[in-house]
Amino acid sequence: MAALPSSPLSVQNTPKPPLNIPNQDPNHQRIQTLLTSLQNCTSIKQAKEIHASILRNGLQHQQDLCAKLLAFCAEPPSSQLASNSLIYATRIFEQLQDTATIFMYNTMIRSHAHRRDTAQAISLYNRMRHNGILPNNYTFTFLVKAATDLSTTTGLGRAIHAQSVIFGMPNSDVYIQTALLNMYTSGGNIAIARNVFDRMRHRTAATWNAMIAGYSKRGDVENARRLFDAMPDKDEQSWNIMVCGYAKIGEGDIAERLFEGMPTKTRPTWNAMIAGYAQDSKPVEALGVFRRMQVAGVRPDEITMVTVLPACSQLGALELGEWVHVYIDKNGFDSNVAVCNALIDMYAKCGSIDKAITVFNEMTERSVVSWNTIISGLAIHGRGKEAIELFAEMEKKGVVPDDLTFVGLLNACGHAGFIDRANVYFRKMREVYGIPPKMEHYGCLVDVLGRARHLNEAQELINCMPFEPNSVILGSLLSACRMCNDYMLGERVLKKLVELEPLNPGYYVLLSNMYASSGRWKDVIGIRNLMKSRGIEKIPGCSSIEVDNMVHEFVVGGKTHPHTQEIYAKLDEISEKLRSAGYIPDTSIVLFDLDEEEKAQNLSLHSEKLAVAFGLLKASPAKPIRVVKNLRVCRDCHAAIKLISEIYDREIIVRDRNRFHHFKDGACSCNDYW
DNA sequence: ATAGGGTTAG
């Protein structure tokens with residue numbers, strides 16, 4: 001008689017001995033059936049039916065069963081699962097009360113980590129410890145991930161790292177180490193991350209990619225490239241990171257070459273290329289790649305949406321943004337929080353703040369980014385009161401604001417002229433929420449004070465600030481000087497600015513305008529000569545308008561547009577109507593114009609006026625005319641467009657470098673305060 | 001059961 005196989009590995013065609021002792025427990029069969037149906041389960045609806053069965057049969061204390069059910073419901077949504085599955089998982093988890101196992105806790109923590117819900121993940125961890133359950137290596141991998149998305153590595157992240165050491169997690173655990181690496185790089189602690197990386201004995205592709213991405217994210221493509229070249233088994237993602245990295249630092253050609261040279265381009269590759277261009281503020285290139293992607297027959301996904309929408313925001317391309325919105329709805333991407341956040345930002349920056357509010361209101365689930373985005377959106381539209389109301393609602397709902405919330409809120413106060421409020425929030429930020437003010441916050445406050453002409457206070461604030469003022473803050477102060485006609489201080493500030501950014505023409509222009517408006521023509525010429533001797537050229541004003549899905553660009557006095565004749569005829573008509581309405585051009589800044597050709601042109605050829613004329617000619621009369629300008633709108637254009645909105649009975653929405661102006665019936669939403 | 005693209009900023 002042949003010997004029986006000694007190990008289950010060497011299975012032959014011998015009949016298996018009956019290993020299963022028949023189970024007398026009447027529940028056994030039911031449990032087996034339910035486990036099988038869980039294995040084949042594909043929807044949350046089926047999971048709910050299985051859950052009902054479990055409860056009907058009194059099996060809620062069967063740990064195997066509950067664990068599997070929970071794992072299914074809390075699965076991060078790479079699958080086709082609806083997003084409310086975590087809500088359901090939480091219900092199941094709560095019913096287990098304190099009988100939950102380590103596996104169940106880990107499952108729940110993973111789910112929260114995936115959604116970047118740090119607070120929930122930590123609270124589960126605390127509860128688990130409270131119930132005397134020891135964490136394991138999985139627990140720490142997920143906890144670290146939960147602490148990863150904070151804008152800086154907080155004490156929390158380090159505390160979790162420390163706990164993992166205390167609980168004896170070996171530093172050979174490649175999963176925990178890779179998660180730590182991710183946490184430190186995304187918190188900006190690249191040196192600590194590199195230290196973790198260097199000390200690892202085993203590295204996976206994920207480890208290398210995390211480190212490479214860490215360098216790439218902060219714009220250090222050189223170090224990223226070095227590691228990339230040293231990486232033994234590059235996978236596709238390694239290439240994607242480099243493609244994105246090069247595009248992001250302005251090396252579009254290198255990115256394109258890598259991109260073209262890739263043997264297989266998958267959806268993430270296309271997304272990386274789009275994201276790179278978008279992050280380098282090259283929306284036209286980004287949208288070009290998006291178009292090529294579609295021509296290549298690659299279906300966009302949620303990530304594509306989140307990368308394409310900022311390009312629309314930058315361009316002010318509302319029609320394209322609306323098209324993307326339709327695509328999002330059709331594909332059910334509207335349940336994704338990041339997608340909706342990008343939509344809110346797109347609508348706000350393309351001038352449709354009311355649509356931004358609609359998207360925000362219709363979200364079933366919001367993150368702190370959602371609140372920040374809508375508050376910033378309201379701010380640039382000058383709707384400070386609503387921004388303040390939303391902040392109050394946010395607090396009431398227990399959403400914890402972060403530093404960016406306050407940037408938006410303080411800006412909202414600035415654009416609406418609420419000084420007292422701004423001071424209240426500036427204090428509250430530190431005293432209630434423990435957020436130390438960064439340069440940006442001081443900048444907002446300087447802006448508020450400057451706009452209100454409280455020049456001394458603004459200066460004092462800068463003096464007692466714990467950092468050396470950067471060019472942004474000094475730029476705000478310079479604007480304030482111009483508003484208050486304080487040339488002495490203005491000159492001093494400009495000198496510092498020129499030291500900091502000697503090649504930025506904007507500051508020279510600001511000071512020159514200040515001189516011009518008080519008739520100090522000699523000084524105007526002095527600045528002009530200074531610029532000439534340094535080879536600095538003024539950035540030409542440029543305005544764009546979207547008509548029938550096409551973005552039309554105009555520069556000062558431009559004559560390259562195919563409809564130039566019509567446009568100039570329209571401009572003549574506009575000038576005539578403005579004159580008879582009693583409008584007098586504000587020529588105080590004309591003399592700044594640098595070269596001879598420009599000098600000859602008069603104010604009526606400013607790019608925003610060309611764009612408005614084109615809009616009056618070609619844009620649908622049912623919709624507002626929307627113009628995007630690269631610089632701040634000039635005083636004369638502001639006055640003229642106010643009148644145009646009245647004379648032609650058209651709503652005109654202009655986005656300038658800083659904010660929106662809604663012109664209607666002869667008035668502007670900024671109350672002439674910008 | 002262990003990672004992974006992406007959103008907010010004068």
Side-chain angles (χ1 to χ4, degrees), chain A residues 67-68 71 74-76 78 102-103 106-107 109-111 113-114 116 136-142 144-145 148-149 151 173-179 181-182 204-210 213 217 235-238 240-241 243-244 266-276 278-279 301-310 313 336-346 348-349 367-377 379-380 402-408 410-411 414-415 438-448 450 470-477 479 657-659:
Chain A
K68 283 239 162 59
E75 175 97 5
S78 56
I102 176 71
F103 174 83
N106 286 347
T107 301
I109 293 174
R110 180 183 65 170
S111 196
H114 187 84
R116 302 286 133 102
N136 61 17
N137 49 338
Y138 291 93
T139 320
F140 283 108
T141 307
F142 304 144
V144 170
K145 182 175 173 176
T148 289
D149 216 29
S151 51
D173 187 313
V174 70
Y175 295 101
I176 296 182
Q177 298 300 313
T178 301
L181 225 160
N182 264 320
T204 62
T207 316
W208 285 88
N209 288 341
K217 234 179 233 162
D235 64 8
E236 196 195 294
Q237 202 195 329
S238 325
N240 294 347
I241 296 166
V243 163
C244 183
T266 60
R267 189 157 51 199
T269 315
W270 289 93
N271 290 346
M273 196 70 204
I274 298 172
Q279 283 167 31
D301 65 355
E302 281 115 315
I303 308 285
T304 319
M305 302 296 105
V306 174
T307 55
V308 161
L309 283 169
S313 302
N336 181 310
V337 179
V339 168
C340 290
N341 294 345
L343 267 178
I344 295 172
D345 187 57
M346 183 277 293
K349 293 214 178 109
S367 66
V368 68
V369 177
S370 322
W371 292 90
N372 293 354
T373 309
I374 191 70
I375 288 174
S376 295
I380 53 173
D402 64 13
D403 52 337
L404 291 182
T405 316
F406 284 98
V407 171
L410 289 169
N411 257 323
H415 285 302
K438 291 188 186 164
M439 191 80 86
E440 285 87 344
H441 301 103
Y442 281 98
C444 293
L445 215 53
V446 169
D447 227 34
V448 179
N470 66 6
S471 57
V472 178
I473 291 221
L474 294 177
S476 290
L477 189 60
S479 297
R657 204 183 164 72
N658 282 341
R659 63 169 295 157

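Throughout, a chain's letter reflects where its sequence line sits, starting with A, and its residues are numbered from 1.
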It should be established whether A:Lys217 places a side-chain nitrogen or oxygen under 4.0 Å from OP1 or OP2 of nucleotide B:dG5.
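Answer no for this pair, as no side-chain N or O of A:Lys217 is under 4.0 Å from OP1 or OP2.
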
Report yes if a side-chain nitrogen or oxygen of A:Asn411 is closer than 4.0 Å to either non-bridging phosphate oxygen (OP1 or OP2) of B:dG10; otherwise report no.
yes

I want to check something: taking the side chain as every heavy atom from C-beta on, are A:Asn658 and A:Ile380 in contact at a cut-off of under 4.5 Å?
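Heavy-atom side-chain distance check fails, nothing below 4.5 Å.
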
Does one side chain, of [X] or [Y], offer a donor that lies under 3.5 Å from an acceptor on the other?
X: A:Thr207; Y: A:Thr204; value: yes
X: A:Ser370; Y: A:Asn341; value: yes
X: A:Asn271; Y: A:Thr307; value: no

If you only use heavy atoms from C-beta on, which nucleotide in [options] is closest to the side chain of [X]?
X: A:Val306; options: B:dG6, B:dT8, B:dG4; answer: B:dG6
X: A:Asn137; options: B:dG5, B:dT2, B:dT8; answer: B:dT2
X: A:Ile303; options: B:dT8, B:dA3, B:dG5; answer: B:dG5
X: A:Asp235; options: B:dG5, B:dG4, B:dA1; answer: B:dG4
X: A:Ala338; options: B:dA9, B:dT7, B:dG4; answer: B:dT7
X: A:Thr373; options: B:dT8, B:dG10, B:dA3; answer: B:dT8
X: A:Pro310; options: B:dT8, B:dA3, B:dA1; answer: B:dT8

At 4.0 Å (heavy atoms only), tell me whether [X] reaches a base, stays on the sugar-phosphate, or touches nothing.
X: A:Ala342; answer: nothing
X: A:Thr307; answer: sugar-phosphate
X: A:Asn658; answer: nothing
X: A:Arg267; answer: base

Rounding to a whole Å, what distance do you find between [X]:[atom1] and [N]:[atom2]?
X: A:Tyr138; N: B:dA3; atom1: OH; atom2: P; answer: 10 Å
X: A:Lys349; N: B:dG10; atom1: NZ; atom2: P; answer: 8 Å
X: A:Asn182; N: B:dG4; atom1: CG; atom2: C1'; answer: 8 Å
X: A:Met346; N: B:dG6; atom1: CE; atom2: P; answer: 20 Å
X: A:Gln279; N: B:dA9; atom1: CD; atom2: P; answer: 13 Å
X: A:Ile473; N: B:dA9; atom1: CD1; atom2: C1'; answer: 14 Å
X: A:Asp402; N: B:dA9; atom1: CG; atom2: C1'; answer: 10 Å
X: A:Ile274; N: B:dG6; atom1: CD1; atom2: P; answer: 12 Å

Under 3.5 Å donor-acceptor pair, [X] side-chain atoms to [N] base atoms:
X: A:Asn336; N: B:dG6; value: yes
X: A:Glu440; N: B:dG10; value: no
X: A:Asn106; N: B:dA1; value: yes

Partners of A:Phe142 by ring-ring contact (aromatic ring centres under 6.0 Å, His included), sequence neighbours excluded?
none

Verify the stacking flag for A:Tyr175 against B:dA3: centroid separation must be under 5.5 angstrom and the ring planes must differ by under 30 degrees.
no

As an exercise, state the distance from CZ of A:Arg267 to CG of A:Asn240, rounded to the nearest 0.5 Å.
12.5 Å

